[in-house]
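Following: one structure in structure tokens, then a few remarks.
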Amino acid sequence: MSAEQRTDAHTSTADETPLRRALATGRVHSAYLLAGPGPAPAAAALDFVRALVCLGESLRPCESCSSCRRSASNRGEIALDGSGKKGPLYRHVGDHPDLLWLGRGQEDTRVRIAQVRALQAALHLRSYEGNWRAAVIEDAEWLNAEAQNALLRLLEEPPPQTVLVLVAASSAGLLATLRSRCQRVRFPLPDADPWRSPSASDDARELMLRIEKIGAASLPDLLDWAEEYRGARADASRGVELLLEAAGSWLREQVRAAAGEGKGGLDLRPPLEAFAVLRAARRSLLSRNANPQMVAERALLALREATR
């Protein structure tokens with residue numbers, strides 16, 4: 001997600017009170033976990049770490065001090081690579097030497113342990129500007145077990161004046177010991193469905209239209225649809241991620257619409273069962289050996305059943 005998208009997303013409703021309180025009081029926790037759907041958690045994480053190093057005295061980030069100018073993104077984001085061969089393992093926020101950003105590589109399905117180890121080494125160096133150092137770990141739910149354990153050691157003995165901010169769509173895939181080390185900030189579902197917003201991409205709109213018509217789809221239609229998620233596993237996994245996110249949004253939309261119409265004797269079992277399948281599908285996708293095509297098949301079949 002680009003810096004511009006994160007700025008726009010920051011207008012979303014979110015419980016950012018712990019972050020604002022930390023900035024106001026100076027009592028900053030060594031680790032935060034920002035969890036919720038959509039781009040709002042990553043936007044808040046970016047805003048928070050920039051505010052930490054801001055030299056302004058009131059509203060931070062002030063966007064006018066030397067630190068804010070350095071942390072502003074004025075160019076395209078550098079693509080990461082979990083192996084370090086086609087790109088860096090992590091990048092800086094803007095050009096600020098004390099703000100680091102880590103996430104899945106462009107061709108990776110997971111955040112790799114090599115990235116976490118590189119981050120550990122960088123954070124143990126002295127701050128360039130003598131103030132806070134901060135790192136954002138986006139896609140935290142995609143840390144593999146090895147990377148999570150390495151990160152846990154960093155959280156147990158964090159370097160001084162250092163803050164880690166984990167960003168995840170859902171915290172369910174993180175180790176309980178890892179979650180317990182973080183102050184959690186939950187982001188609710190946005191009031192406006194991002195899949196229906198004017199800023200939604202053409203691909204997002206097309207995906208929602210296909211889901212809306214799933215009740216009329218035959219079994220061969222669904223299998224053909226799932227087959228679209230074959231190919232390079234990283235690309236296929238990201239495609240299925242979007243499918244699961246859109247499917248969940250559509251199911252919530254159907255339940256709300258039925259409740260709003262006051263339908264007596266509304267049977268919520270089909271959509272709830274479909275939600276359960278989607279959650280299981282997401283957990284399966286988080287596992288190292290999951291087949292994205294098969295995960296998509298299960299999700300699409302559950303969606304169709306929810307319409308009958």
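Computed from a prediction, not measured in an experiment: that's the story for all the values here.
Judged purely by atom type and a 3.5 angstrom limit, Asp47 has no side-chain atom pairing as donor or acceptor with the backbone of Ala44. Here the side chain of Asn149 pairs a donor or acceptor atom with the backbone of Ala145 at under 3.5 angstrom. One N or O on the side chain of Arg133 and one on the backbone of Ala122 form a donor-acceptor pair closer than 3.5 Å. A distance-only check finds a donor-acceptor pair linking the side chain of Asp139 to the backbone of Arg104 [under 3.5 Å]. For His92 (side chain) and Gly94 (main-chain N/O), no donor-acceptor pair under 3.5 Å exists by modelled atom type. With hydrogens and angles ignored, the 3.5 Å screen pairs a side-chain donor or acceptor of Thr25 with a backbone N or O of Arg21. Using a distance-only test at 3.5 Å, with no hydrogens or angles considered, no donor-acceptor pair links the side chain of Glu297 to the main chain of Leu223. Judged by distance alone, the side chain of Asp98 and the main-chain N or O of Ser127 form no donor-acceptor pair under 3.5 Å. Gln183 places no side-chain N or O within donor-acceptor distance of the main-chain N or O of Leu33, the cut-off being under 3.5 Å. Using modelled atom types, one side-chain atom of Gln115 and one backbone atom of Arg112 make a donor-acceptor pair closer than 3.5 Å.
A distance of 13.0 Å separates CZ of Arg298 from CG of Leu303, quoted to the nearest 0.5 Å. Expressed to the nearest 0.5 Å, how far CD of Glu273 lies from CG of Leu278 amounts to 12.0 Å. Taken to the nearest 0.5 Å, the CG atom of Leu178 stands 6.0 Å off from the CG atom of Leu152. We find the CZ-CG distance between Arg184 and Leu166 to be 11.0 Å, quoted to the nearest 0.5 Å. Note that CZ of Arg230 is 9.0 Å distant from CG of Asn291, once rounded to the nearest 0.5 Å. Rounding to the nearest 0.5 angstrom, the gap separating the NE2 atom in His124 from the CD atom in Glu157 is 7.5 Å.
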| task | Run the numbers on Leu52 and Leu23 for side chain to side chain contact (heavy atoms under 4.5 Å, CB included), then give the verdict. | result | CA-CA 7 Å; Leu52 274 177; Leu23 292 170; 4.1 Å; yes

| query | Given the rule in the side chain to side chain contact (heavy atoms under 4.5 Å, CB included) test, do Leu102 and Glu138 qualify, once you have shown the distances and angles that lead to the verdict? | reply | CA-CA 6 Å; Leu102 187 151; Glu138 193 176 20; over 6 Å; no

| request: Apply side chain to side chain contact (heavy atoms under 4.5 Å, CB included) to Leu123 and Leu164, showing your working. | output: CA-CA 10 Å; Leu123 290 177; Leu164 280 171; 3.8 Å; yes

| Verdict with reasoning, Arg279 to Ser170, per side chain to side chain contact (heavy atoms under 4.5 Å, CB included) | CA-CA 10 Å; Arg279 284 195 298 270; Ser170 169; over 6 Å; no

| request: Carefully, step by step, assess Glu228 and Arg210 under the rule salt bridge (Lys or Arg N to Asp or Glu O under 4.0 Å). | output: CA-CA 13 Å; Glu228 295 174 17; Arg210 292 182 75 181; 3.0 Å; yes

| What's the verdict on salt bridge (Lys or Arg N to Asp or Glu O under 4.0 Å) for Arg153 and Glu156, showing C-alpha distance, side-chain angles and the deciding distance? | CA-CA 5 Å; Arg153 289 192 287 273; Glu156 288 171 343; over 6 Å; no

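Listed here is the closest heavy atom pair of Ala246 and Met208: O-SD, 3.7 Å. Smallest separation of non-hydrogen atoms from Leu55 and Cys65: N-SG, 3.4 Å. The two residues Ala114 and Gly82 make their nearest non-hydrogen contact at CB-O, 4.0 Å.
Between Leu119 and Ile137 there is a side-chain heavy-atom pair separated by less than 4.5 Å. The side-chain heavy atoms of Pro41 and Phe187, taken from C-beta on, include a pair separated by under 4.5 Å. Here the side chains of Leu219 and Leu301 are in contact, with some heavy-atom distance below 4.5 Å. The shortest side-chain heavy-atom distance between Leu19 and Val185 falls under the 4.5 Å cut-off. Leu151 has its side chain within reach of Leu143: a pair of non-hydrogen atoms, C-beta onward, lies under 4.5 Å apart. Side-chain contact between Ile78 and Pro88 is present, with heavy atoms from C-beta onward closer than 4.5 Å. Under the 4.5 Å side-chain criterion, counting only non-hydrogen atoms from C-beta, Leu244 is in contact with Val240. Under the 4.5 Å side-chain criterion, counting only non-hydrogen atoms from C-beta, Phe48 is not in contact with Leu34.
Using a 3.5 Å distance cut-off with no hydrogens or angles, the side chains of Glu212 and Trp250 do not pair a donor with an acceptor. At a cut-off of 3.5 Å, with distance as the only test, no side-chain donor of Thr109 or Arg238 sits close to an acceptor on the other residue. A donor-acceptor contact closer than 3.5 angstrom links the side chains of Ser83 and Asp81.
Linking ILVMFWY side-chain heavy atoms closer than 4.5 Å, directly or via other members, places Leu80 and Val165 in two distinct hydrophobic clusters. At a threshold of 4.5 Å between side-chain heavy atoms, the hydrophobic network of Ile, Leu, Val, Met, Phe, Trp and Tyr places Leu125 and Val53 in two separate groups. Hydrophobic clustering (ILVMFWY, side-chain heavy atoms < 4.5 Å, transitive): Leu154 and Leu175 are in one cluster. Taken together through direct or relayed side-chain contacts under 4.5 Å among Ile, Leu, Val, Met, Phe, Trp and Tyr, Trp132 and Tyr32 form part of one hydrophobic cluster. Tracing side-chain contacts under 4.5 Å through hydrophobic residues (I, L, V, M, F, W, Y), one never reaches Leu155 starting from Ile113; they form parts of separate clusters.
A side chain to side chain contact (heavy atoms under 4.5 Å, CB included) with Leu300 is found for exactly one of Val277, Ile211, Val295, Leu243, namely Leu243.
Glu63 has a carboxylate O that lies under 4.0 Å from a charged side-chain N of Arg50, or vice versa, which qualifies the two as a salt bridge. Taking 4.0 Å as the cut-off between side-chain N and carboxylate O, Glu141 and Arg282 count as a salt-bridged pair. A salt bridge does not link Arg70 to Asp95: none of the charged side-chain nitrogens sits closer than 4.0 Å to a carboxylate oxygen.
Other residues, nucleotides and ligands contribute more than 12 heavy atoms inside 6.0 Å of the CZ atom of Arg205.
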